[in-house]
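Every number for a ligand or one of its atoms is a count from 1 in the order of the listing.
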Amino acid sequence: MATNGTTDGASNSTTHTPSQRYLSTRGEDSGFSFEEVVLKGLASDGGLYIPEEIPQAQNWRSWKDLSFADLAFEILSLYISPSEIPPQDLKAIIDKSYSTFRSPETTPLVHLNDNLYLLELFHGPTFAFKDVALQFLGNLFEYFLVRKNEGKVGKDRHHLTVVGATSGDTGSAAIYGLRGKKDVSVFILHPKGRVSPIQEAQMTTVLDKNVHNLAVTGTFDDCQDIVKALFADKDINETHNLGAVNSINWARILAQIVYYFHSYFSLVRASKTSPPFRLGERVRFVVPTGNFGDVLAGYFALRMGLPIAKLVIATNENDILHRFWTTGRYEIHSSQGAAATGGLATDGAKAHEEGVKETLSPAMDILVSSNFERLLWFLAYEYAAGARMDNEWNKKQAGQEVSAWLKELKSAGGFGPVQRDVLSSARTDFESERVSDSQTIDTIKDFYRRKGYVLDPHSAVGIASALRSVGRTGPEVSHISLSTAHPAKFAGAVELALKDEEGFDFQTKVLPAEFADLENQEKRVTFVENDWQKVRELVKHQVEEELREE
Ligand SMILES: *Cc1c(COP(=O)(O)O)cnc(C)c1O
C-alpha cells in the first residue's frame, strides 16, 4: 500500500490519504482518529468533529451497479483508515448493519411523477431513516469495545453507558442499534405518556438486558435536561463511561452519505423520462431537516464529487435554517416576527416566542440545528481561503470564526448577518423552504388522491418543498426527495389528513404487520420522577445488576 509521507504545511490535496484524521470545528484540536471521534462524540472544546480533508470520490462512476453495502464500503473506506479498521472488518460491520433492512435495495427509490422521485429511507428495523445510521453506529461501538477489551475480564473491561433522551424516533432507532451488544448499556429516557403509542411500544418491547427504558414524569425537555445533567456530573463520569448517540456523532453523518450516491445510481437505472437521466447529469435533493444531519451528509456527497445541483433544506414552522438562508442571520427567535412565514394567519396567534413550536412533524421540531455548526466551519474555511493560500492558517481562522459565532448564539440568542460571501457560498449549494402544518396536511392528501401514496408528515414537508423547487427549475431537472419515516409512525397526522378520504383505512392501508402485533407483546419500562439525581442512582443500579447477571 502506498503511504503518504507526512509533509508539513499546506497540502491542498483533497484526495484520499491513507490516514484520515479529524479536527474540531472550534479549532482547538486536530489529529483525532476515527475511533476517538466515534467514542467521544463531542470535542473537548465543545466543537463537532469533521474530517481534515473531504476525500474525492475519483472513480464514483464505476460504483454505479454496486449494492448498498458494497457502495457503503467504498465510501466509508475513504473516511476510515485501513490501519484503524482493516478492510475485511469494515466490510463485516457494514454487511451486518444493512442485513437488518427489509428491502433488498436497502433504500429504494420510488417514482412519484414526472421528474420527482421519493427516496424511501424507512425500511430498517424501526421504520425511520435514523436506522441507516444507528444500525451502523451500534455495530461500530461493539467493534471498538470488543477490540479494547480483548483478553480483559470483569471490572477491567471498558463498559460504555449510552444515555439519551427521545421524543420518539431517535430512541427506538438507538435501542434497535444497540440491543444485545456486548459491553454497552443503553438508557433511553422518554416523557411518560407523551410519545405516540406505537413509538412507546417499539421501545419498551425490546427485552434485551442491556436495554433500559426510563419513562420520566415530565416533558421531552425535562428528559433532555436530565441527560445534560448526567453528562455534566463528575460522579457518574468517574464510574461510568457515558456515551452519546445523538446526531452530532460523526459516524451517523458518514453512514448517511451512502444513500445520496445510491439513490443517484438508482435514478440512472430507473429513469422514467425521455431523454433518460444520464450518469453525470446533475440532480436536486430535497431533505426534511431538523438537526441538519441528514442534509449535511448530502453536502459531503456533493463535495466528494457527486453531481448535485442543489440541496433543498425543507423545514417545518421551526424555521431557523430557512431564516438563515433568507436573511444571513442565525437566530433562535425571528427578530421580524412573522416576516419569514408563508403568510399564514395562524402564525401570530400561535407564536410562543419562548420555545419550540409543536408541529405535525415532531422529529423536526428544533430551536437550533446542532449539525449546522459543521457547515459553518466549511463556509468560514472557504471564506478564509479566498484571502489566503495557507491551508493550516485558513483552518485556524475557520475554527476561530465558528467559535465566535457560537459564542454569540449562546450569549445573544443569535449571530449575523454573516459576511456577504459566506451567505452567497451557502446559497451556491443550498436552498431552503418552510412548510406549515396545513401545507403538510394538504400534501399528504394530494399525493394520496393522485397517486394512492401515503406520505408521513416529515416526508410531506419534503415533497411540498420539492414541488416549489420544481416550480423554479422547470420539469427538466430531476428531484429526489427524501422520505424519512413510514407513515404508520405518525398515525395522528396521517389520520388527520386522510380520515375523510373515501376508502381510506389506516389499519389496512398503512399499518405494517410488525406494528399490529406490538401492543400484545411483553414490555419492560421503569418509571422515574423528573429528578436527575434519582435517574443517576437508577442508572448506576441497573448497570450493576446487568453486569452481575453476566
Ligand atoms: C430525525 C428526523 C428528521 C430530521 O433529520 P435531521 O438529520 O435531524 O435533520 C426528519 N424526519 C424524521 C422522521 C426524523 O426522525
Side-chain angles (χ1 to χ4, degrees), residues 48 107 118-135 137 164-177 190 195-196 198-199 202-203 220 245-257 259-260 285-301 311-322 324 356 359-375 430 432-435 440 443-444 454-465 481-494:
L48 307 184
T107 57
L118 191 70
L119 173 56
E120 292 185 344
L121 299 173
F122 54 73
H123 296 277
T126 75
F127 293 75
F129 96 100
K130 289 186 170 68
D131 287 328
V132 179
L134 282 164
Q135 286 290 301
L137 184 61
T166 189
S167 56
D169 259 14
T170 307
S172 51
I175 286 171
Y176 275 80
H190 70 262
V195 297
S196 80
I198 282 180
Q199 293 190 328
Q202 269 188 308
M203 295 192 280
F220 170 59
V245 285
N246 49 16
S247 76
I248 56 165
N249 196 305
W250 165 251
R252 286 186 57 179
I253 310 292
L254 182 57
Q256 294 174 173
I257 297 173
Y259 50 70
Y260 286 89
F285 280 97
V286 186
V287 189
T289 296
N291 258 329
F292 205 76
D294 202 359
V295 71
L296 183 76
Y299 177 73
F300 276 91
L311 294 156
V312 181
I313 299 160
T315 75
N316 63 23
E317 292 171 37
N318 294 290
D319 60 351
I320 184 168
L321 291 164
H322 179 59
F324 174 79
V356 70
T359 73
L360 294 174
S361 41
M364 289 152 53
D365 288 349
I366 47 92
L367 275 180
V368 296
S369 299
S370 30
N371 275 295
F372 183 56
E373 178 167 345
R374 288 186 160 114
L375 178 69
F430 297 88
S432 70
E433 293 292 345
R434 173 193 196 272
V435 176
T440 304
T443 307
I444 297 175
V454 182
L455 290 163
D456 103 283
H458 306 80
S459 310
V461 168
I463 289 292
S465 303
S481 196
L482 274 52
S483 172
T484 49
H486 189 285
K489 292 203 79 167
F490 298 95
V494 171

side-chain hydrogen bond (donor to acceptor under 3.5 Å, both in side chains) involving Gln199 - partner list, sequence neighbours excluded:
Asp169
Do Arg252 and Asn249 meet the criterion of a side-chain donor-acceptor pair at a distance under 3.5 Å?
no
Can any side-chain N or O of Lys489 pair as donor or acceptor with the backbone N or O of Asp456 at less than 3.5 Å?
no
Are Phe430 and Val287 close enough that some pair of their side-chain heavy atoms sits under 4.5 Å apart?
no
Roughly how far, to the nearest 0.5 Å, is the OG atom of Ser369 from the CZ atom of Arg374?
13.0 Å
What are the polar N/O contacts of ligand 1 with the protein below 3.5 Å, with distances?
{"from": "ligand 1", "atom 1": "7 (O)", "to": "Gly293", "atom 2": "N", "distance (Å)": "3.2"}
{"from": "ligand 1", "atom 1": "7 (O)", "to": "Asp294", "atom 2": "N", "distance (Å)": "2.9"}
{"from": "ligand 1", "atom 1": "8 (O)", "to": "Asn291", "atom 2": "N", "distance (Å)": "2.8"}
{"from": "ligand 1", "atom 1": "9 (O)", "to": "Gly290", "atom 2": "N", "distance (Å)": "2.8"}
{"from": "ligand 1", "atom 1": "9 (O)", "to": "Asn291", "atom 2": "N", "distance (Å)": "3.2"}
{"from": "ligand 1", "atom 1": "9 (O)", "to": "Phe292", "atom 2": "N", "distance (Å)": "3.0"}
{"from": "ligand 1", "atom 1": "11 (N)", "to": "Thr484", "atom 2": "OG1", "distance (Å)": "2.8"}
{"from": "ligand 1", "atom 1": "15 (O)", "to": "Lys130", "atom 2": "NZ", "distance (Å)": "2.4"}
{"from": "ligand 1", "atom 1": "15 (O)", "to": "Asp169", "atom 2": "OD2", "distance (Å)": "2.6"}

Between Asp131 and Thr126 (side chain of the first, backbone of the second, donor and acceptor by atom type, cut-off under 3.5 Å), is there such a pair?
yes
